[in-house]
Asks: 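Please find one structure pasted underneath; my questions will follow.
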Amino acid sequence: MEHKISIYNSLTGKKEILVPRNEHYVGMYVCGPTLYSEPHMGNMRTFINFDLVFRCLLHAGYKVKYVRNITDAGHITNSAGQEEDSIGKAARAEQLQSLEIVYKYNVKFQELQRLYNMLPPSIEPTATGHIQEQIEIIEKILENGYGYVINGSVYFDTKKYMQDYNYGILSGRKVEEQENETRALNNQEEKRFFADFALWKKANPDDMQIWRSPWGDGNPGWHIECTAMSTKYLGKQFDIHGGGMDLKFPHHEDEIAQSCGSFGCQPASIWMHANMLNVNGQKMSKSLGNFFLPKEIVEGTSSLFQKPFPPNVIRFFMMQAHYRSTLDVTEKGLEAAEKGMGRLLEAISLLNKLPSSTSSSVDINALLDSFDKAIQDDFNAPILIANLFEAVRYINLINDSKETISKDDLIKLTEAMSTFVYDILGISSEDKSQDNRLGPVMDLVINLRDQAREQKDWTTSDKIRDGLSAAGIIVKDSKDGTKWS
RNA sequence: GGUCUCAUGGCCGAGCGGUUAGGCACCGGUCUGCAAAACCGUCUACAGCAGUUCGAAUCUGCUUGAGACCUCCA
């Protein structure tokens, strides 16, 4: 069974019902990381958000081919007014070869995906593995007259393209208005028009990676790899193309131009853009230095936070904000998420102990419907979470015998809670791993304290409690016995 | 400078013309040897000004403030 999913399409600025090109199948391409360094938390947010999308599509019953590329060819940067590629730069800094750099950070990236409980995409193709495909598309663009060769480099002829297509269709940019505003770029003199962009770049003598092409040795342009790989794995036209907001222009705009320029059609029906992770109201970015690494927050070594937060909490925190909104990371925010998520998981663990009655005093079907509706409406995880907390309240009230639930409804609710929390939101269900030697010790200590309490020996029991507290272990007494954490 | 987005209660964050978002904190209660924890309940905001409407956080205009993109960027 498939459900209607509506998605905000950046291309049209409207929510649209997803109608896959091939019934039951969804093709989704998401721009992945450039592996010249360890991805920071902001990068991760985008991938976590598309992991949510992936999970929702699967839940809706689609067979999904999820392609997320790995950019392992360094592209020319002009940030410091100098021309060098990001991966080559990192390689020189670390005294490694380019592919070592890429491999090293790819291993880390894969670890992070597991750490943050992301489902692996269907395929993660690399740019360097698809040089031939990129060359072929460039050739098509040249054949169609939308590119030109100069000094061993190939550029996209934006002016020519604009005669036949709408350059700026995605980003809403008007090239004419932009010309005077754009800052001077290096090698601009090679381009015929300021808005032209490189499809193939002639090699520099000190480039660490060089490929052969019909135009001489060089490197592929930044945008062409996505066109090549999305075409190869999903076809000339597919359903969803995603990426971070900051890729909308020029990267995605140029992808559209390349597809139109080579195949005469737009690549994706729906364009999705995930919004940025902010720190103090500003986009988390390398250059600003306001970033932290996914591992730092888990290990508590980030200077931005006093204490460590588990990946689950970070994921939950992110899920509380919609993917199209910016999200500010703060310690307070993470703490709130941690407590809230704890309450949610606690309620879930209560489910199998819940007494069932002959009838339900709450409309479980409506509740479960609200879960589905939330994610069907542009993957609205915050609404889903709000509705899950409604369920939490019901669960607790049932536990207190203030509401009732029928056996059938209890089964349905249990299944749904697990599905939406674990499978959709991607909260991992594994228990906190504790030192397995501590367990028996704690059992003993708790046992001793219980004995003291039975004898109303409050001095001893409180001494144990205070002692444990000093060691960072909190003792919680409840009707069902004593717990610790 | 150009293009665009956003401004919600103590904090974080939904909301897409009329109905309680939700979480955290606070406060009140239940439970408890005490404490903590847990659970229940309460708190009712929409930057400012004007307009449209029977009705606006939600639409329009202006003002102020913040951010993104225009250059590598998730």
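Small disclaimer: the values here were computed from a predicted structure and weren't measured. Quick note on labels: first sequence line is chain A, next is B, and so on, each numbered from 1.
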Asks: What verdict does the salt bridge (Lys or Arg N to Asp or Glu O under 4.0 Å) test give for A/K307 and A/E338, after you've listed the backbone C-alpha separation in whole Å, the side-chain angles of each residue and the deciding distance to 0.1 Å?
Replies: CA-CA 12 Å; A/K307 55 169 282 206; A/E338 184 164 42; 2.7 Å; yes
Asks: With rounding to whole Å, what would you report as the distance between B/A45 and B/U5 at their P atoms?
Replies: 29 Å
Asks: May I ask you to evaluate whether A/N280 reaches the phosphate of B/A66, defined as a side-chain N or O under 4.0 Å from OP1 or OP2?
Replies: no
Asks: Return the value, rounded to whole Å, for the distance between atom NZ of A/K332 and atom C1' of B/G13.
Replies: 14 Å
Asks: To the side chain of A/D328, which of B/C12, B/G33, B/A14 is closest?
Replies: B/C12
Asks: At under 4.0 Å between heavy atoms, what does A/H322 touch on the DNA or RNA strands: base, sugar-phosphate, or nothing?
Replies: sugar-phosphate
Asks: Does A/S461 reach a base, just sugar-phosphate, or nothing at all? Heavy atoms under 4.0 Å.
Replies: base
Asks: Rounding to the closest angstrom, what is the interatomic distance between B/U42 and B/A25 at atom C1'?
Replies: 14 Å
Asks: A/A321 has a side chain; which of B/G22, B/G23, B/A14 sits nearest to it?
Replies: B/A14
Asks: Verify the distance criterion only: is there a donor paired with an acceptor across the side chains of A/N106 and A/D72 at less than 3.5 Å?
Replies: no
Asks: Quick one: label A/L397 by what it contacts on the DNA or RNA (base, sugar-phosphate, nothing), any heavy atom closer than 4.0 Å.
Replies: sugar-phosphate
Asks: The side chain of A/A336 is closest to which nucleotide in this list: B/G23, B/C69, B/G22?
Replies: B/G23
Asks: Does A/R465 reach a base, just sugar-phosphate, or nothing at all? Heavy atoms under 4.0 Å.
Replies: base
Asks: Counting side-chain heavy atoms from C-beta on, which of B/C34, B/A36, B/A21 comes nearest to A/P382?
Replies: B/A21
Asks: Roughly how many Å apart are B/U63 and B/C24, using the P atom of each and rounding to a whole number?
Replies: 41 Å
Asks: Please confirm whether the backbone N or O of A/K202 pairs with a side-chain atom of A/S153, one donor and one acceptor, at under 3.5 Å?
Replies: yes
Asks: Is the ring centre of A/F47 under 5.5 Å from the base ring centre of B/A74, and are the two planes under 30° apart, so that they stack?
Replies: no
Asks: What nucleic acid atoms does A/M276 come within less than 4.0 Å of, heavy atoms only: base, sugar-phosphate, or nothing?
Replies: base
Asks: Taking the six-membered ring where the residue is Trp, are the ring centres of A/H130 and A/Y233 under 6.0 Å apart?
Replies: yes
